[in-house]
Amino acid sequence: MTIMLHLKGILTIDQQIRLVEMCREIATVAPFITPVMPSGQPFNCQQTSCGQVGWTSDREGYRYSRTQPNGRAFPAMPDSLADLAIYVARLAGEQSYIPDTCLINYYPATVKSKLGLHQDNTEVNLSPAIISISIGDDCEFLVGGTKRSDPTKSIILRSGDILVMHGQSRLAYHGVKQIIPNTAPKSLLKNGGRLNMTIRQVF
Ligand code: MD6
Ligand code: FE
């Protein structure tokens, strides 16, 4: 059984605006890129990270790296984001959560924006929760079981929602089926689309 914690609408609009500003600031140091998968196929979303390491995908594989493709370190995780993650981890029953990194995905408001079914298993320690913040347009999110062939169900992730994949759901297959245009709170993202921030304890 897949048990996740879905905190619907837990972030105020002011908190969401501050998170968008945070992502903009992070992107001035670690610009969004469109990574390629090990197969060479580009992702259908743009990515950056903050924290001591950043999630990286290229021809060499999936891994956490201390440096961006441009050779520079990732910007530190802002304290307010780390504090939010520690608070939410507690709600999921994890009392000693260490937020090492936050992967930021941006999905432009196009039909092409999606993320294939996958399992998050690049972390060295696969036990701690992954805390996922949604901002902007609604997203149809698929969640299955721990085998790729398990049936999936759709849930809608809306702006201000936080989803926690922990315990039995930590290794559940999941993906982004579609971004639903023009569903975001007004003037949150000037070109529309969706931001997703996933905070992880890697080690
Ligand atoms: C997204 N999220 O929502 C992509 N992974 O755009 C993920 O891949 C994800 O939301 C692990 C745990 C929660 C997630
Ligand atoms: Fe994931």
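Note that ligands are numbered from 1 as they come in the structure, with each ligand's atoms numbered from 1 the same way.
Residue-and-atom listing of protein N/O/S atoms under 2.8 Å from the Fe ion (ligand 2), sorted by chain and number: His118 NE2, Asp120 OD1, His174 NE2.
Ring centroid separation for the pair His174 and Phe141 comes in under the 6.0 Å cut-off.
Between the choices Leu117, Thr198, Ile179, Asn196, the shortest heavy-atom distance to atom 14 (C) of ligand 1 belongs to Thr198. Between atom 10 (O) of ligand 1 and the options Ala172, Ser132, Ser169, Cys139, the minimum heavy-atom separation is to Ser132. Nearest-residue assignment for atom 3 (O) of ligand 1 (options His174, His118, Arg194; heavy-atom criterion): Arg194.
Close approach of ligand 1 to Leu115 (heavy-atom distance below 4.0 Å) involves ligand atoms 4 (C), 8 (O). Heavy-atom proximity to Asp120, at under 4.0 Å, picks out these atoms of ligand 1: 5 (N), 11 (C).
Taking the side chain as every heavy atom from C-beta outward, Tyr106 and Thr48 never approach each other to under 4.5 Å. With a 4.5 Å cut-off on side-chain heavy atoms, Val20 and Arg18 do not count as touching. Considering only heavy atoms from C-beta on, Ile162 comes within 4.5 Å of Leu11 through its side chain.
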Q: Would you check, one step at a time, whether the test side chain to side chain donor-acceptor pair (under 3.5 Å) holds for Gln16 with Ser159?
A: CA-CA 8 Å; Gln16 294 171 54; Ser159 201; 2.7 Å; yes
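Linking ILVMFWY side-chain heavy atoms closer than 4.5 Å, directly or via other members, places Ile13 and Ile133 in a single hydrophobic cluster. By the criterion of side-chain heavy atoms lying less than 4.5 angstrom apart, applied directly or through intervening Ile, Leu, Val, Met, Phe, Trp or Tyr residues, Leu103 is not grouped with Ile199; the two fall into different hydrophobic clusters.
Looking from atom 6 (O) of ligand 1 to the surrounding protein, the closest heavy atom is Tyr107 OH, 2.5 Å.
Ring geometry for Tyr62 versus Trp55: interplanar angle under 30°, hence parallel rather than tilted (30 to 60°).
Here the straight-line distance linking atom CD of Gln168 with atom CE of Met4 works out to 12.5 Å at 0.5 Å rounding.
Neither the backbone nor the side chain of Leu163 has any atom closer than 4.0 Å to an atom of ligand 1 (non-hydrogen atoms only).
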